[in-house]
2 protein chains.
Amino acid sequence: MTDSPATPRRRGAARTEELLQATLDLAAEAGYAGLSIEAVSRRAGVGKHTIYRRWPSMPALLLDALNRAWTSDLDYRDTGDVRADLREQFLRSGLALSSPPIGPVYRAVIAEAQADSALRATVHERFLATVEQSTLDRITRAQRTGELVAEVNLEFAAEVLCGALYYRSLLSTRPIDEDAVDGLLDMFMAAYGTGG
Amino acid sequence: MTDSPATPRRRGAARTEELLQATLDLAAEAGYAGLSIEAVSRRAGVGKHTIYRRWPSMPALLLDALNRAWTSDLDYRDTGDVRADLREQFLRSGLALSSPPIGPVYRAVIAEAQADSALRATVHERFLATVEQSTLDRITRAQRTGELVAEVNLEFAAEVLCGALYYRSLLSTRPIDEDAVDGLLDMFMAAYGTGG
DNA sequence: TGTCAACGGCACGACCGGTGCCGTTAGGGT
DNA sequence: ACCCTAACGGCACCGGTCGTGCCGTTGACA
């Protein structure tokens, strides 16, 4: 075969990166359906062993791929206006959750997690709980600056805010648009805002 | 073979009921994993054709099974105390969602729906939107009786309430216990309650 | 009593998961 | 510069499911 210089044939650990990228590419093209270890191995021109040597199962590979795709954008800005910061972050997250490659991969992980409670715990810990905590940090800061009422436990509020987003993007068919985010924030600010 | 009188061998349309029940039984025993058309056919002592003649795919069968299991309990009570009524209904729904057979079947449907947007729309329309509407009806009634502030669009609030429940039961690993429901209702009543 | 559709059983091809084997190759150690 | 070893790609295999086709049987209704 013509050994094209662009593909130096094989590697050791950099192959891991290539496999994650191949998974994301495949997800972006074929969606959740067609995401399989066989498909990834074919797509990457790789023996299945090369994948199984790195990840014990498809969900493990998907988790790492998701982690790679979800570069930054996890932290809220802090402009001093908590409602504006939440709004911006929710719209950004909503867009990411509904676009490839994050959307299809997230769906695939959620689907697999329905059959495996251990995986469900891992997903929640590694992604959902992280987002909840980040949200809780931001609104707790707003509580300290007086934007939100004091003496209220905001833990459930953070979960409800995130839950509404993920419910809409993963279980509903409606988009996370400005109306939805504004409606959600209306309720949140009506409950805990200090009027201002 | 000994033709036991308890099993009169075959039927025409009542077989559909038996198949739905077999699906629910199987879900209660084996959980989502192991829910397959082959498994249902074995469990019911039935040829696969008998299933495919009634439902085009596994998700279709699951939807009907879910519909059968979800007998009533869909409507809120109306005692005049909206918070108490919501609380009772949320706890009841949370229990149903986390117990067999509804829990496993619901998980299976959600998993399949991640790969099929048409199915996702059907699930949302047939179950989620129904629950949202029922919730909206109840809180709109409370709005008219003065328990909730007027001149506020409660559509998003109904979705947020339901979204929080389904997020917790399907995507999170935390139980829908009294603390969770009370936290959710604290936020809702703080936002839209009339103080009382 | 006869007819016909529904039925249970079986087999098939296609696909995927996960494992084993085999000959090749890249990269680190000497 | 060489060699040795582990990673690699390719292939075959087994067990499982999906969806379909074909068979002979059976039950319900005319």
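A, B, ... follow the sequence lines: proteins, then strands. Residue 1 opens every chain.
With distances taken from any side-chain atom of B:Glu38 to the nucleotides C:dG8, D:dT17, C:dG17, the minimum falls on D:dT17. Among D:dC18, C:dC16, C:dT19, the nucleotide with an atom closest to any side-chain atom of A:Ser36 is C:dC16. Among C:dG8, D:dG19, C:dC16, the nucleotide with an atom closest to any side-chain atom of B:Ile37 is D:dG19. When distances are taken from the side chain of B:Arg53 to each of C:dA6, D:dC22, C:dG17, the shortest belongs to C:dA6.
Donor-acceptor pairing under 3.5 Å, judged by distance alone, is absent between the side chain of A:His49 and the base of D:dC11.
A straight line from CG of B:Leu62 to C1' of D:dC18 spans 14 Å, rounded to a whole angstrom. Straight-line distance from the CE atom of B:Met58 to the C1' atom of D:dT20: 18 Å, rounded to whole Å. Going from atom OH of A:Tyr52 over to atom P of D:dC8 covers 16 Å, rounded to whole Å. The separation between A:Leu61 atom CG and C:dC16 atom P is 15 Å, rounded to whole Å. Between the CD1 atom of A:Ile51 and the C1' atom of D:dG10 there is a distance of 14 Å, given to the nearest Å. Atoms CH2 (A:Trp55) and P (D:dA7) sit 15 Å apart, rounded to a whole Å.
Listed pair A:Arg54 / D:dC8 meets the phosphate criterion, a side-chain N or O lying under 4.0 Å from OP1 or OP2. For the OP1/OP2 pair of D:dT26 and a distance below 4.0 Å, the side-chain nitrogens and oxygens of B:Arg15 include no atom meeting the criterion.
Ionic pairing of A:Arg174 and B:Glu132 is present here: one or more N-O contacts between side-chain nitrogen and carboxylate oxygen are shorter than 4.0 angstrom.
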Does the salt bridge (charged side-chain N to carboxylate O under 4.0 Å, His left out) test come out yes or no for A:Glu178 and A:Arg87, once each step is laid out? CA-CA 8 Å; A:Glu178 302 198 347; A:Arg87 189 182 133 104; 3.4 Å; yes
Go through B:Asp85 and B:Gln89 one step at a time and tell me if the side chain to side chain donor-acceptor pair (under 3.5 Å) criterion holds. CA-CA 6 Å; B:Asp85 291 348; B:Gln89 178 67 13; over 6 Å; no
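Counting heavy atoms from C-beta on, the side chains of B:Glu38 and B:Met58 never come closer than 4.5 Å.
Mapping A:Lys48 and B:Thr50 onto DNA chain C by nearest heavy atom places B:Thr50 closer to the 5' end of the strand.
Classified by interplanar angle (parallel below 30°, tilted 30° to 60°, perpendicular above 60°), the ring pair A:Tyr76/A:Phe90 is perpendicular.
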